[in-house]
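What's counted below: heavy atoms across the whole structure, side chains too, no hydrogens, waters or symmetry copies. Please read all numbers here as calculations on a predicted model, not as lab measurements.
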Amino acid sequence: ANLTMSMGPLVRLLTALGAISSLLLMAVLTFALTLKPRQDAYPIDALLPELCARFQPGRTLLLQAPPGAGKTTRVPLALIGALGDQVRRDGRIWMIEPRRLAARAAADRLASSLEEPVGQRIGFAVRGEQRRSARTQVEVITDGLFLRRLQADPSLDGVSCVLFDEFHERRRDADLAFALLREAAPL
């Protein structure tokens with residue numbers, strides 16, 4: 001209904017001119033939907049206040065939910081709010097992704113939900129490419145890059161929280177990173 005109201009005049013005009021087929025209409029509608037970031041409700045939204053309330057430095061939380069529940073999209077943004085001053089004082093939230101493509105995609109999605117470009121509050125770093133700034137609060141990185149950073153600075157200065165996304169995808173780098181993180185200074 002909202003789509004019809006906002007796109008209605010354009011669709012009626014193009015249809016009246018006979019200049020649009022049903023496939024082209026779908027392409028136009030799909031493109032129109034990508035112009036505005038959608039703020040859909042996710043199943044995890046109801047749990048975010050409890051998750052943030054239970055979050056404490058040095059504590060490990062395990063969150064398991066089905067695909068599409070909003071773990072990647074909602075949890076980092078909720079933690080920015082929950083950690084508030086700690087993020088500004090102690091440093092960034094690092095979200096660990098298994099692959100470079102996943103890291104870029106997660107950063108794009110998070111930044112678009114804040115209606116800002118990647119590199120502002122949401123950044124990413126992968127081998128050979130990074131987009132971040134002094135304003136970056138959440139940095140999405142690969143597990144390989146996380147291992148290198150952890151080896152260089154086991155105290156994790158400048159990091160207030162580490163999130164492992166897609167941890168169920170068993171990988172040596174992720175398993176090693178998690179084990180080393182548990183031995184590092186508590187966040």
Side-chain angles (χ1 to χ4, degrees), residues 36-99 102-126 130-143 145-147 149-150 153-171 174-175 177-187:
K36 291 183 183 175
R38 292 173 43 185
Q39 294 296 324
D40 297 331
Y42 286 89
I44 203 161
D45 288 347
L47 300 174
L48 290 176
E50 180 182 350
L51 177 75
C52 292
R54 290 179 182 231
F55 184 82
Q56 296 173 3
R59 186 170 182 190
T60 302
L61 292 176
L62 177 64
L63 178 62
Q64 181 180 356
K71 299 176 299 292
T72 302
T73 306
R74 296 291 207 234
V75 172
L77 300 178
L79 287 177
I80 289 174
L83 294 174
D85 291 336
Q86 183 180 350
V87 171
R88 287 185 285 282
R89 182 184 66 245
D90 295 340
R92 297 180 172 149
I93 296 170
W94 281 356
M95 185 163 79
I96 314 304
E97 289 290 340
R99 293 168 302 282
R104 284 188 203 99
D108 285 340
R109 179 68 177 132
L110 289 165
S112 72
S113 67
L114 294 174
E115 298 183 358
E116 61 186 41
V118 174
Q120 297 297 312
R121 285 185 286 175
I122 308 296
F124 78 88
V126 297
Q130 64 183 14
R131 278 196 268 166
R132 60 185 181 195
S133 67
R135 288 190 58 221
T136 300
Q137 295 175 310
V138 175
E139 187 174 4
V140 186
I141 61 176
T142 58
D143 45 21
L145 182 57
F146 175 69
L147 274 175
R149 288 182 178 184
L150 188 59
D153 180 14
S155 66
L156 294 176
D157 286 334
V159 180
S160 59
C161 176
V162 176
L163 302 172
F164 283 87
D165 195 20
E166 305 294 345
F167 194 72
H168 64 279
E169 294 182 16
R170 298 303 301 244
R171 303 170 315 279
D175 290 346
F178 185 70
L180 292 174
L181 178 64
R182 298 290 296 160
E183 291 182 15
L187 298 176

Donor-acceptor pair, S113 side chain versus L110 backbone, under 3.5 Å?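 Pair found, side chain donor or acceptor close to backbone of L110.
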Strictly distance-based, threshold 3.5 Å: is any side-chain N or O of E116 a donor or acceptor partner for the main-chain N or O of R121?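 Yes; judged by distance alone, with no hydrogens or angles, the pair exists.
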Looking only at heavy atoms, what is the nearest atom pair of [X] and [Y], with distance?
X	Y	value
C161	L79	SG-CD1, 4.0 Å
A125	L145	O-CD2, 3.3 Å
P49	D45	CD-O, 3.7 Å
P43	G68	CD-O, 3.9 Å
L48	V75	CD2-CG2, 4.0 Å
V162	F164	CG1-CE1, 3.8 Å

Contact between [X] and [Y] at the side-chain level, heavy atoms closer than 4.5 Å - yes or no?
X	Y	answer
V159	R149	no
L63	K71	yes
L77	I122	yes
T142	I96	no

Could you please spell out the steps behind the side-chain hydrogen bond (donor to acceptor under 3.5 Å, both in side chains) verdict for Q120 and R135? CA-CA 6 Å; Q120 297 297 312; R135 288 190 58 221; 2.7 Å; yes
Measuring from [X]:[atom1] to [Y]:[atom2], what's the distance to the nearest 0.5 Å?
X	Y	atom1	atom2	result
Q137	L114	CD	CG	8.5 Å
W94	E139	CH2	CD	7.0 Å
L47	Y42	CG	OH	15.5 Å
I141	L147	CD1	CG	9.0 Å

Any chance you could lay out the side chain to side chain contact (heavy atoms under 4.5 Å, CB included) test for R104 and V118, step after step, and finish with the verdict? CA-CA 9 Å; R104 284 188 203 99; V118 174; over 6 Å; no
